[in-house]
Amino acid sequence: MDKGQILAKFSSDPNRYYKVSLFEKEGFKRKSCSKCGRYFWVLDEGQDLCPDHIENRYSFIGDPPTRKRFDYTQAWKEVESFFVSNGHKSVSRYPVVCRWRDDLYFTIASIVDFQRVMGSKVVFEFPANPLVVPQTCLRFKDIENVGVTGRHFSSFCMIGQHSIPNSQGYWKDKCVELDFRLLTDKFGINKEEIVFVEDVWAGGGSFGSSLEYFVRGLELGNAVFTEFQGDLENYSVLDQKIIDMGAGLERFAWITMGTPTAYDCCFGPITKYMIEKTGVDTDSDTISKYFRAIAKTLSESVDISVARKNAAASVGIDNVKMGKMISPLEGIYLIADHLRTLIFAISDGALPSNVGGGYNLRILLRRTLATMDRFGWDFNLDDLIDLHADYLKSTYNELEETRKDVKTIIGIEKGRYKESRVRMINIANVLKSQNKKLAVDDLIRLYESDGITPDFLKETQIISEIPPTFYERLSDLHQSEKTEKVEQLDLDKIPDTNLLYYKEDPHEFEAKVLKVINGKYTILDKTSFYPRGGGQEPDHGKIGNYDVVDVSKHGNVVIHETLGGSPQVGDMVECKIDFARRYGITRHHTSTHVINASARNILGSWIWQHSAFKEQDYARLDITHHSSLTEEEIMKIEDLANITIRKNIPIFINEFERGEAEQKYGFRIYQGGVVPVKLVRIVNIEGLDVEACGGTHVNKTGELGLIKITKAERIQDGVVRLEFVAGEAALKYTQSQDKKISQIVKSLGSSKEKVLESFEHVVKDGEDAKKRVKQIIKRTSESSAKTAIAQAKNLGKVRLFITVEEELDDEYHIAVGEQAVNLDKSLIYCALIIKNSSIRIVAFSGADAVNTKKAGDLVKDVAKVLGGSGGGKDTFGQGGGKNMLKIKDALLVAEQSILGK
RNA sequence: GGGCUGGUAGUUCAGCGGUAGAAUACCCGCCUUGCACGCGGGGGGUCUGGGGUUCAAAUCCCCACCAGUCCA
């Protein structure tokens with residue numbers, strides 16, 4: 001839906017959509033901007049310009065309009081206490097890795113915390129009403145602006161004020177009044193400074209009006225009233241209206257502090273530390289002027305580099321000053337921002353990698369390190385991480401737990417960056433030595449496959465200029481395509497299947513056939529057949545006389561696929577599930593949870609389930625991890641898993657309201673991904689692992705018997721796959737491995753105890769034999785060559801040695817032939833070597849013999865007879881054929897060919 | 001999730017259908033003799049694995065694995 005059209009519609013009826021009681025009470029006037037026409041509400045009747053166009057934009061820099069000064073963490077305490085004293089519950093932030101939504105990698109707004117996708121609908125889950133949350137949000141869109149504009153961040157704290165209008169919550173009037181009073185009462189901002197701008201919001205099938213509030217041109221917050229659904233011509237009021245007020249905490253701090261940039265007051269002691277360490281020349285007056293100027297010019301010119309230039313020019317900063325003062329400051333801001341984002345993301349379980357959201361994190365760290373390289377700074381990243389974590393402690397105490405792990409991950413990733421640098425320099429050196437002219441295509445290939453930017457090539461003087469078409473060509477290459485979703489079966493009017501496997505779970509039961517689709521998909525009124533889902537393979541068994549080969553769930557209906565026919569609709573049928581299969585799968589499913597927890601304990605807090613698969617005699621678990629596993633790590637995980645089995649820990653399964661479960665157990669429960677139901681089933685292996693999971697599980701870990709990891713491989717950057725077997729499958733696996741060893745023992749004629757030594761012996765013998773053959777050929781080739789020369793037959797001007805070989809290989813004849821023609825320049829050496837029912841031809845012509853017959857030509861003629869082909873150089877030719885019966889003819893043809901017949 | 005690039009001696013790479021190479025490191029000898037350097041010789045490889053095409057594959061095609069890299 002077009003936002004402009006909605007805005008036009010809403011603004012045409014401001015009393016209905018925008019006028020709140022506060023405006024009336026305080027005497028706010030509605031005005032239209034004389035420059036852009038947008039409508040806004042303000043106390044000063046003489047103001048004709050909207051906040052985007054007023055003269056005193058960003059004049060709070062150096063002159064804050066507030067009574068008090070609050071830095072970042074203090075500002076949150078103020079905001080929090082204000083909302084709490086006004087009846088709000090203060091909720092802890094949600095993870096920045098958005099595991100409860102399939103369509104987002106990271107949490108991008110506070111409202112996302114409470115959105116749960118069920119089917120195609122978004123529903124809201126509020127742990128309290130009304131509430132306020134300091135939600136860390138990650139946004140990578142304006143990454144180039146970070147550090148440069150004074151107000152862009154890769155992650156920021158969105159103050160989320162959320163309310164559902166009901167007996168506890170409130171709607172527009174109170175919302176705007178609260179926001180107004182927060183600014184005036186709490187922060188002491190003069191009410192004449194506050195401007196509300198009319199706007200709208202639309203997304204996910206719903207829409208509503210919104211009021212953005214500004215002070216001196218700085219947008220502090222935006223109160224969105226999600227109210228309608230449908231399209232503009234025909235819309236209705238939502239059952240569940242929502243207030244989504246999001247405000248930037250960084251900006252609240254900034255406006256009270258009046259620092260040149262928002263960075264100066266939001267990273268606590270980090271920027272100060274870096275400025276002192278680097279000795280960057282700072283002069284707050286010039287810097288204030290510069291950042292005020294850039295804030296103003298930014299909206300007018302799109303290109304950030306142009307904005308920088310203009311801003312510098314307007315306050316009289318020359319290139320030297322730019323390079324000494326502004327650029328290093330930008331670098332410091334960038335480092336502080338990027339590291340803070342990495343701390344949050346890694347703490348919440350994301351890993352830098354080359355896929356998915358991890359790529360954004362890798363970019364952040366590489367930008368950080370590249371900036372340090374550029375200025376020649378050698379900050380200890382661990383120190384900076386400590387400074388951040390210490391500073392954030394009062395609001396985000398949870399970062400404490402993962403502080404060490406964050407350092408580990410960033411350390412590893414830094415190592416990768418360094419290796420990558422070395423590789424880049426090597427490639428650059430090769431390019432330099434080749435001294436070839438590089439086309440745009442070459443530059444694109446270098447960039448896309450090796451990460452070598454044209455800027456780097458220019459820096460190292462491999463190219464003199466970056467071709468103007470480079471970026472154009474690059475963006476042409478990336479026209480993204482969206483994938484379509486698969487259509488679902490039409491299951492209208494079919495009631496939800498009664499799921500017995502979550503209840504008594506009988507192995508045999510009787511059920512009524514409700515519907516049969518395409519003669520093979522049977523729907524029953526109730527079932528104990530577990531459908532495919534959550535990586536768990538479906539049950540097999542029988543419905544009547546028909547074999548069930550697949551079971552799947554569509555919505556709340558279970559569909560059984562049968563082989564060779566299906567029962568009649570309306571019949572009562574006897575159903576029986578293959579319990580041996582089910583029990584194997586069940587054991588593997590519980591084992592997956594056990595292995596996941598073991599891996600997390602052994603490796604680190606960054607371990608999450610990436611995906612999983614379990615069937616009767618095999619299972620695999622993909623976990624998020626930064627490197628390949630060592631054999632030792634695999635063994636430790638396996639050991640811990642088996643210790644867990646021996647402890648025979650009980651497993652409890654209970655249903656919870658989702659919000660309750662999240663509050664009680666945290667977001668670790670979402671290992672298996674999105675759970676699209678209101679009631680979540682919590683599988684709790686006491687003291688070890690708690691997950692939301694719909695699968696089947698054993699009652700006690702002892703039932704698993706044995707867990708054996710059979711394989712560990714890195715399936716992509718940041719993901720390791722563990723394959724394993726449990727229970728009976730584990731026994732079978734060890735038995736079959738043992739059998740293989742027995743066979744090896746038998747064929748080696750060794751014993752089980754000494755099999756390894758025997759094997760090493762055999763391998764070494766093989767190697768030695770090969771070496772010996774090589775030596776023998778080397779030493780005997782000369783005498784063999786002489787023998788060949790002696791046996792050669794005169795044929796016109798040349799002498800021919802030709803032989804048919806069944807025992808020795810081509811390697812031998814090549815060595816001998818070469819020697820022979822060296823000793824006798826008029827010799828032609830030709831061998832027909834029989835190998836695997838085909839014939840290989842090798843021929844040499846001596847330096848003098850070449851005039852009579854070239855080796856390559858000879859081979860061609862001979863090979864033709866043998867039904868093959870060949871060729872080669874004057875002195876050496878190779879070829880072959882498959883017709884063994886023609887060998888005698890071939891010998892004859894060789895002579896004739898030399899004689900020129 | 002979608003691309004792209006690469007995998008050859010311990011290492012860095014060349015070769016891109018026709019006898020597997022260079023540099024460096026290693027071992028031996030010589031020269032010097034404090035080392036570096038210099039000279040001569042030597043060992044070192046199922047060309048990541050598996051299929052296919054071909055008389056012939058490191059080389060071409062397909063698949064897998066490993067590594068790197070870009071984008072959404």
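Note that the structure is a prediction, hence the values are computed from the model and not measured. Numbered from 1 within each chain, the chains take letters A, B, ... in sequence-line order.
Comparing rG68(B), rC65(B), rU69(B) by their nearest atom to the side chain of Arg714(A) picks out rG68(B).
Arg772(A) has its CZ atom 13 Å from the P atom of rG44(B), to the nearest Å. As rounded to whole Å, 10 Å separates atom P of rU69(B) from atom CD1 of Ile363(A). We find that CG of Asp874(A) is positioned 14 Å from P of rU19(B), with the value rounded to whole Å. The interatomic distance linking Asp717(A) (CG) with rG1(B) (C1') rounds to 14 Å, in whole Å. The nearest whole Å value for the distance from the CZ atom in Arg362(A) to the P atom in rG68(B) is 7 Å. Here the P atom of nucleotide rU19(B) and the CD atom of Gln819(A) are 18 Å apart, to the nearest Å. What separates CG of Leu443(A) from P of rC70(B) is a distance of 16 Å, to the nearest Å. Distance Gln716(A) CD to rG68(B) P: 13 Å, rounded to the nearest Å.
With Ser897(A) as the fixed residue, the side chain to side chain donor-acceptor pair (under 3.5 Å) test singles out one of Lys853(A), Lys864(A), Lys860(A): Lys853(A).
Aromatic ring centroids of Phe140(A) and Phe106(A) lie under 6.0 Å apart.
rA25(B) and rC39(B) are spaced 12 Å apart, taking the P atom of each and rounding to whole Å. On the P atoms, rG52(B) is 47 Å away from rG40(B), given to the nearest whole Å. Comparing rC55(B) with rU12(B), their P atoms sit 38 Å apart, to the nearest whole Å. Spacing of P atoms, rU54(B) relative to rC61(B), comes out at 16 Å, to the nearest Å. Rounded to whole Å, the separation between the P atoms of rU48(B) and rC13(B) comes to 15 Å. If you take atom C1' in rU11(B) and the same atom in rG2(B), they sit 35 Å apart, rounded to whole Å. When the C1' atom is used for both rG38(B) and rU32(B), the distance is 9 Å, rounded to whole Å. Spacing of P atoms, rG45(B) relative to rG21(B), comes out at 14 Å, to the nearest Å.
If you check rC31(B) for Watson-Crick or wobble pairing at under 3.5 angstrom, you find it has no partner at all. Pairing partner, rA67(B): rU5(B), with both Watson-Crick or wobble hydrogen-bond distances short of 3.5 Å. Under the Watson-Crick or G-U wobble criterion, with both distances below 3.5 Å, rG44(B) has no partner in any strand shown. For rC55(B), the paired base is rG18(B) (Watson-Crick or G-U wobble, both distances below 3.5 Å). Nucleotide rA72(B) forms no Watson-Crick or G-U wobble pair with any nucleotide shown, as no partner meets the under 3.5 Å limit on both distances. Summarising the base pairing, rA23(B) is matched to rU11(B) through a Watson-Crick or G-U wobble pair whose two defining distances lie under 3.5 Å.
In terms of position on RNA chain B, the residue among Ile427(A) and Glu713(A) whose nearest nucleotide sits closer to the 5' end is Ile427(A). Mapping Gly357(A) and Asn426(A) onto RNA chain B by nearest heavy atom places Asn426(A) closer to the 5' end of the strand.
Side-chain N/O atoms of Ser784(A) and Tyr812(A) include a donor and acceptor closer than 3.5 Å. When only modelled atom types and interatomic distance are considered, Asn596(A) and Gln671(A) share a side-chain donor-acceptor pair under 3.5 Å. Residues Asp848(A) and Ser826(A) bring no donor and acceptor atom of their side chains to less than 3.5 Å of each other. A donor-acceptor pair shorter than 3.5 Å cannot be found between the side chains of Lys740(A) and Gln743(A).
Judged by distance alone, the side chain of Glu638(A) and the main-chain N or O of Ile709(A) form a donor-acceptor pair under 3.5 Å. A donor-acceptor pair is defined here as one N or O able to donate and one able to accept, closer than 3.5 Å; such a pair exists between the side chain of Trp100(A) and the backbone of Val112(A). Remark: side-chain polar atoms of Ser845(A) are not paired, donor with acceptor, to backbone N or O of Ile828(A) under 3.5 angstrom. The closest donor-acceptor contact from the side chain of Glu633(A) to the backbone of Thr630(A) lies under 3.5 Å. Within the 3.5 Å criterion, the main-chain N or O of Ser353(A) finds no donor-acceptor partner in the side chain of Asp717(A).
Ser628(A) has a side-chain polar atom (N or O) that falls below the 4.0 Å cut-off from OP1 or OP2 of rA67(B).
Counting any heavy atom pair closer than 4.0 Å across all strands shown, Phe876(A) reaches a base atom. Among the heavy atoms of the strands lying under 4.0 Å from Gly356(A) is at least one base atom, whether or not backbone atoms are also near.
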Glu713(A) vs Val720(A), side chain to side chain contact (heavy atoms under 4.5 Å, CB included): CA-CA, chis, key distance, verdict: CA-CA 6 Å; Glu713(A) 59 177 333; Val720(A) 170; over 6 Å; no
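Listed by residue number, the members of residues 411-423 of chain A with any heavy atom below 4.0 angstrom from RNA chain B are Ser420(A), Arg423(A).
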Tell me, for nucleotides 3-8 of chain B in 5' to 3' order, what letter each nucleotide earns: B for a base near a protein heavy atom under 4.0 Å, S for only sugar-phosphate near one, - for neither? BBS---
Contacts under 3.5 Å, N or O only, protein and nucleotides 46-55 of chain B:
residue : atom : partner   : partner atom : Å
rC55(B) : O4'  : Gly880(A) : O            : 3.2
rC55(B) : N1   : Ser869(A) : O            : 3.0
rC55(B) : O2   : Ser869(A) : O            : 3.2
rC55(B) : O2   : Gly880(A) : N            : 2.9
rC55(B) : N3   : Ser869(A) : O            : 2.8
rC55(B) : N4   : Ser869(A) : OG           : 3.1

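With a 6.0 Å cutoff to the six-membered ring centre and a 45° limit on the axis angle, Arg366(A) does not count as a cation-pi contact of Tyr417(A).
Contact check on Arg423(A) versus Glu419(A) returns no salt bridge, with no Lys/Arg side-chain nitrogen under 4.0 Å from an Asp/Glu carboxylate oxygen.
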